[in-house]
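A short write-up of the structure that comes next.
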Amino acid sequence: ITETIKAFRKTQDVKCMICEYKSSDAREFAVDHNKPPFQVLRDDFLKITKICIPTVLGKKELTNETMFNEDEILFRNEWRKYHDNNATFQMLCNSCNSKKSNKI
């Protein structure tokens, strides 16, 4: 879903949707799953998918981004499609994003 998030980021002003903080430095902002929250999106997808759910996923070292193995491409593609059709995003400053994440 990294590509989807990057594409969304390019279309947005750098303004926090919670506190309205503005900055010209995009590194001060995070793309946040708005409605539904990521955890709900993930859990709903896992309930409906008929594809075997991977039990071991790799992580990219610097970004901690999930990596799928070659034999998990069907699962990855179905997840991306579901995510892209159901996720909505918002821009949050890093501070608001951190506070929101801590409440989950």
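Heads up: numbering here begins at 1 and tracks the sequence. This structure is a prediction, so every number in the text was calculated from the model and none was measured.
S23 and D25 get closest at one heavy-atom pair: OG-N, 3.0 Å.
Cluster annotation: V40 and I48 are assigned to distinct hydrophobic clusters (Ile/Leu/Val/Met/Phe/Trp/Tyr, side-chain heavy-atom contacts under 4.5 Å, transitive). No path of Ile, Leu, Val, Met, Phe, Trp and Tyr side chains, each step under 4.5 Å between heavy atoms, connects V31 with M17, placing them in separate hydrophobic clusters.
The side-chain contact (heavy atoms from CB on, under 4.5 Å) check on D43 picks up nothing, with sequence neighbours excluded. For T4, the side-chain hydrogen bond (donor to acceptor under 3.5 Å, both in side chains) test picks out D84, with sequence neighbours left out. Judged as a side-chain contact (heavy atoms from CB on, under 4.5 Å), and not counting sequence neighbours, the contacts of I18 are C16, L92, C96. Remark: A87 engages H33, L41, H83, F89 in a side-chain contact (heavy atoms from CB on, under 4.5 Å) (not counting sequence neighbours). Scanning for ring-ring contact (aromatic ring centres under 6.0 Å, His included) contacts around F45 gives F75, W79, Y82, with sequence neighbours left out.
When side chains are defined from C-beta on, R76 does not count as touching K81, because their heavy atoms never get closer than 4.5 Å. Using a 4.5 Å heavy-atom cutoff, the side chains of K6 and T2 are in contact. Here the side chains of K22 and V14 are not in contact, with every heavy-atom distance at 4.5 Å or above.
D44 contributes atom CG, which lies 12.5 Å from atom OG1 of T49 (distance to the nearest 0.5 angstrom). Atoms SG and CG, on C93 and D32 in that order, are 11.0 Å from each other to the nearest 0.5 Å.
Pairs of residues two or more places apart, or lying in two chains, that qualify as side chain to side chain donor-acceptor pair (under 3.5 Å) and include a residue from residues 9-21 are Y21-E28.
Between the side chain of N94 and the backbone N or O of R27 there is at least one donor-acceptor pair closer than 3.5 Å.
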